[in-house]
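So the structure is just underneath, and the comments pick up after that.
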Amino acid sequence: MTITTRFAPSPTGYIHVGNLRTALFNYLIARKSGGRFILRLDDTDPERSKQEYADAIQEDLEWLGITWDRIERQSDRLDRYAAEAERLRTAGRFYEAWETPTELDLKRKKQLNMGQPPVYDRAALKLSADDQVRMRAERGQGVWRFLLDQERIEWEDGILGPLSIDAGSVSDPVLIRADGQVLYTFASVVDDIDMGITHVVRGADHVTNTATQIQIMAALGAGHPAFAHHSLLTGAQGEALSKRLGTLSLRDLRAAGVERMALLSLMARLGSSQPVVLAGSLDELAEGFDLSQFGAAPTKFDEADLYPLTARILQELPLSAVAGDIAALGVPDRLAADFWDVARANITTKADLAGWWRLFRDGATPVVDAEDSDFIAQAFAMLPDLPYDAETWSKWTNAVKDATGRKGKGLFMPLRKAVTGREKGPEMADVMRLLQKKPTL
Ligand code: GLU
């Protein structure tokens with residue numbers, strides 16, 4: 001049996017960190033076992049599904065290096081869903097129902113008032129053949145509901161452990177809408193069977209779907225894959241992330257300068273008992289991936305954690321990996337290697353390179369505390385002319401020290417702030433040798 005997993009986003013928006021977790025877990029499981037990973041676009045909703053998003057999902061996964069062995073689109077498989085729906089009808093597991101949303105709502109409210117669970121009462125099952133003809137004439141096509149077997153549905157969840165859901169507490173799911181649109185719950189079952197999916201990892205919001213899908217699969221004469229439900233992400237303080245997920249799209253994080261291996265390394269471990277380690281490749285992450293180490297508790301995600309990891313990746317990069325970015329800033333070739341050597345330990349993302357280059361090229365607006373203004377004026381008057389080299393800083397500061405009597409931090413910090421406009425940065429000897437302009441006040 002070839003382990004086969006899938007990532008099944010709906011192309012109705014950009015994918016975000018929450019989706020990435022699902023994609024990555026499924027990818028790593030397949031990768032670790034030499035299995036197959038399928039990208040499936042759940043696009044049965046023609047109004048909300050957009051080609052633009054389908055393209056963006058693929059671009060985002062490509063950026064991350066998450067590659068798929070096969071891509072499938074549900075909109076290409078409508079015939080298969082129709083054929084399988086027919087089988088459910090023949091088997092007596094599918095029935096048509098005509099309640100309007102308002103009627104259903106009313107029923108739910110009544111049930112809740114009476115302290116009953118708001119489960120669909122199967123009124124449509126009691127309609128006679130004549131009633132059905134009349135309903136169809138009055139209301140047109142109904143929705144198609146799957147008739148659940150009233151039993152406990154049990155499975156061993158790969159993350160949550162043994163689970164069981166009483167089918168009596170769940171409404172018979174609508175699988176086909178009145179307008180004929182096949183809903184995800186059903187399309188997904190047909191796909192998972194046809195595509196030989198062996199493992200389904202998805203968010204804990206799908207637990208009830210899983211229960212009904214296990215029954216639908218059985219009704220179609222199939223076994224079911226192994227299921228695992230990962231916890232949902234929350235913000236750093238445990239707050240719901242749903243509203244902010246829009247700003248945590250993979251493309252936004254990428255645009256903010258997050259390095260792909262920083263994101264992947266964090267997401268492969270966050271919410272598990274294993275520590276986050278910065279991995280060099282997806283293969284390395286697959287090697288150490290263990291679904292059973294993940295817990296049921298909501299997983300806190302703090303975007304800020306991505307930046308120290310990104311900085312660590314950047315520090316290790318050879319010049320060749322950033323030569324293009326550096327050239328794009330206008331750094332002359334002869335300075336590129338020195339510039340990278342000096343700047344790399346002082347950046348969080350590649351975007352920070354621009355600020356350092358601007359400093360070296362144009363100089364900074366000096367920051368001078370009131371009590372240092374005479375000192376700085378005196379020191380700047382002693383600055384040699386360009387070109388500067390590795391000795392410029394020590395020669396200059398020695399001369400300033402002799403002339404002013406200042407030493408140590410009282411000597412160096414005001415000079416650093418006046419030359420660079422900041423309190424922190426590379427060694428001043430390195431800053432000076434890279435300066436392309438004599439500092440002025
Ligand atoms: N399209 C579904 C979703 O994005 C897929 C869920 C599943 O993995 O079965 O929630």
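Scope of the values below: all heavy atoms of this structure, side chains included, with no hydrogens, waters or symmetry mates. Order of appearance sets the numbers: ligands from 1, and atoms from 1 within every ligand.
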Atoms in ligand 1 with a heavy atom of [X] nearer than 4.0 Å:
X      : value
Arg202 : 7 (C), 8 (O), 9 (O)
Asp42  : 1 (N), 2 (C), 5 (C)
Ser10  : 1 (N)

Please work out, at 4.0 Å between heavy atoms, whether the side chain, the backbone, both, or neither of Tyr184 comes within that distance of ligand 1.
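For Tyr184, the contact with ligand 1 is made by the side chain alone.
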Tell me which one of Thr22, Asp191, Asn26, Asp192 satisfies side chain to side chain donor-acceptor pair (under 3.5 Å) with Arg6.
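Among the candidates, only Asp192 passes.
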Report the nearest protein non-hydrogen atom to [atom]: residue, atom name, distance rounded to 0.1 Å.
atom                    : answer
atom 8 (O) of ligand 1  : Arg6 NH1, 2.6 Å
atom 5 (C) of ligand 1  : Ala8 O, 3.2 Å
atom 10 (O) of ligand 1 : His206 NE2, 2.9 Å

query: Is the number of heavy atoms from other residues, nucleotides or ligands within 6.0 Å of CD (Glu287) greater than 12?
result: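 Counting neighbours around CD of Glu287, 12 or fewer heavy atoms of other residues, nucleotides or ligands fall under 6.0 Å, so no.
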Fill in: Over 12 non-hydrogen atoms of neighbours within 6.0 angstrom of CG in Asp205
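Atom CG in Asp205 is crowded, with more than 12 foreign heavy atoms closer than 6.0 Å.
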query: Does Arg36 make a cation-pi contact with Trp68 (under 6.0 Å, within 45 degrees of the axis)?
result: no
Using the rule side-chain contact (heavy atoms from CB on, under 4.5 Å), only one of Lys424, Arg416, Lys417 pairs with Thr420; which is it?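 The option that passes is Arg416.
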| Considering the options Leu147, Ile176, Ile216, which one meets the side-chain contact (heavy atoms from CB on, under 4.5 Å) requirement together with Phe94? |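 Testing Phe94 for a side-chain contact (heavy atoms from CB on, under 4.5 Å) against Leu147, Ile176, Ile216 leaves exactly one candidate, Ile176.
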